[in-house]
There are 2 protein chains.
Amino acid sequence: MTGFSASTVSRVLNDKGEQYRISTRTTKKILKAAADYNYYPNRIARGLRLERTETIGFVVPDIANPYFSSIAKTIEVESRKRGYSIFLCDSLDDISTEKELLNLLAGRRVDGIILAPVGIDSGHVTDFRRRGIPIIIIDRYLPDSGIPYVTSDNYSGARQAVEYIISMGHRDIACIQGLNGISLNSDRVRGYMDSLVKIGIKAEKSLIVGDDFGEECGYIQARLLLGRKTRPTAIFALSNLISLGVMRATAEMGLKIPDDISLVSFDEQPYSALLASPMTTVEQSINEIARIAVNMLFDTIAGGNKEGRIKNIMLRPSLIIRSSVKNLLA
Amino acid sequence: MTGFSASTVSRVLNDKGEQYRISTRTTKKILKAAADYNYYPNRIARGLRLERTETIGFVVPDIANPYFSSIAKTIEVESRKRGYSIFLCDSLDDISTEKELLNLLAGRRVDGIILAPVGIDSGHVTDFRRRGIPIIIIDRYLPDSGIPYVTSDNYSGARQAVEYIISMGHRDIACIQGLNGISLNSDRVRGYMDSLVKIGIKAEKSLIVGDDFGEECGYIQARLLLGRKTRPTAIFALSNLISLGVMRATAEMGLKIPDDISLVSFDEQPYSALLASPMTTVEQSINEIARIAVNMLFDTIAGGNKEGRIKNIMLRPSLIIRSSVKNLLA
DNA sequence: CTGTTAGCGCGTTCAT
DNA sequence: ATGAACGCGCTAACAG
């Protein structure tokens, strides 16, 4: 439209006018025409030519979980600042779907992937990594996979929670856990047990129950625990959904928190402070985790993070103390 | 690798072997090689050639809001069934960001867009539509824009809620609203007022307060309402966040729901049933909204929905009755 | 300071 | 039943 060649237009629109010493008059003409005709370059053609699409894949087990959607927001905003768009992929907590999604993203030639992996088995992820697409793992980590990760220090979070419960005079503390075997869960359980050992109590096996991070698990296990002859005085719930289940169970059984049973939960939520008994929670710095993961990914994409310079990061969570734990010493 | 030309491989991999009468032996060889070498076609090159990328854009004001992340999940899953991936875009509730995102998506040559628009002004959306990229609007609608939408029937939802409150004997019912001027809000307020008119009460202006869907708005307005000499007996909150704010205010003031004040809220949440006083809510069929929107979009992409065949859809929400409204007639 | 050429990987048309 | 040639829109290399 301007009479100039595509090359010249391309150079101007990519801010290389100066480098190629395009005349100011030409530059202005081209920029004006681009604005007038509302021209936006075809990113598909660009991606093909550059072998760089300026897109990243974000794979999560469940985007409807507020925990992951908060992370999604940070990742999207941070990525866009750099001109990147993100493909949202929900693995439905299913490992074969996750595998399929990784292949799909490879076919779409994403420049990198942020993955919150589903399970324990990481074979397909390490396999996948050989294709050369940078991956950063968040939330959980895959031991010995050599893939860089950013997570919370779940061990520390658990210790803070349980040591606080102990400091309030509790000794019979139950732990309702999630999916056994994954790093996130075992780190939390280890923190729970070590806190007890520290004051000379051996963690009783019968007090560690549950096998799923969902609400139903919390409900069922709470009913069982509270139905025992000698019931624990406190419950440590390893996820936001588990504690919802616990609260439903206690309400149904006519028990009050913290009068009849104390409760501390992993994962701060918008409603945590607003419950009948404002809940003491372990808050993870999810925005920080997301931000760091994105930065690590872009470093790797830029080539600044070659093989061998793997950096793993664990962020310390903090305990938000409210009034869901009864003080037995008072 | 197989010795066959790219053309033949392409035909086999796109299931056109039969059409081109490729021999069974060749087909098998190619499929085997593709599997062995873990070959996935370059979707970028494909998109360039076909002028169809099999991607759609999903633009929301805030992906961290569980309401939108639930919708995102359905859209992602439904799209993937058809081989499509979605670009997640967060407009940060900012209209100029929304505008910029639409241009970005156009540059990425998405085949269609699902948009939960930020505000009242829809000029940029109608402008954008002239580029020929199909758009479906959800959550809110843009009156007179001629763009097809799928939303809840907010008027009906409000009537159900308020008529229920009335049926429990309440007459002094306050309404804490969100962003004034958008269809979603005004429809709900209209439903509230009409319900009162129906029983011969003129809606009092002083009982309709608030200007934002956030938690802070609910908190402030609740404190003001409950601090009045003659306080209302019930509050109708027009969003999940507003009702969180109301609950925080009542807790701080030492008031009990429903004994001291009754409450009904828009938007069912996972915790709604688990609050100290399980909350009566208006539940929108968000999964259904998302599913219908996706289907409409794919119809349009497939060309089955030419100009003029615009179809707007409103889904009736349902009232989930729990125990946050006191029965004054008992 | 600007234009011409070539090629990214694919699917399609034409040719055989 | 299969291959060769072409072009989608872009940018980097080369040419002047």
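Lettering follows sequence order; numbering is per chain, from 1. Excluded from the calculations below are hydrogen atoms, water molecules and symmetry mates; all remaining heavy atoms, backbone and side chain alike, are included.
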Terminal axes of the helix from C:dC1-D:dG16 to C:dT16-D:dA1 (5 end pairs apiece), angle rounded to 10 degrees, sit apart by 50°
Validation: residues 20-28 of chain A side-chain donor-acceptor distances under 3.5 Å, sequence neighbours left out:
residue	atom	partner	partner atom	Å
A:S23	OG	A:T26	N	3.2
A:S23	OG	A:T26	OG1	2.7
A:T27	OG1	A:S23	O	3.0

Carboxylate-amine/guanidinium proximity below 4.0 Å for A:K73 and A:E76: no
Contacts of A:L179 meeting side chain to side chain contact (heavy atoms under 4.5 Å, CB included) (sequence neighbours excluded), chain-then-number -> A:I182, A:F213
With sequence neighbours left out, the residues meeting side chain to side chain contact (heavy atoms under 4.5 Å, CB included) with A:R82 are A:E78, A:Y84, A:V294, A:N295, A:F298
- Message: Any base atoms under 4.0 Å from B:G3, or only sugar-phosphate, or nothing? Heavy atoms, all strands.
- Response: sugar-phosphate
Would you confirm whether [X], through its side chain, and [Y], through its main-chain N or O, come within 3.5 Å as a donor-acceptor pair?
X: A:D212; Y: A:G214; result: yes
X: A:N312; Y: A:Y149; result: yes
X: A:E98; Y: A:V118; result: yes
X: A:D111; Y: A:T53; result: yes
X: A:S91; Y: A:V60; result: yes

Reading nucleotides 9-16 of chain C from 5' to 3' and marking B where a protein heavy atom lies under 4.0 Å of the base, S where only the sugar-phosphate is that close, and - otherwise, the string is BBBBB---
Is there a side-chain contact between A:T8 and the phosphate of C:dG3, meaning an N or O under 4.0 Å from OP1 or OP2? yes
Within residues 21-38 of chain B, the residues having a heavy atom closer than 4.0 Å to DNA chain D are B:R21, B:I22, B:S23, B:T26
Note: B:D187 and B:Y141 closest approach over all heavy atoms is OD2-OH, 3.1 Å
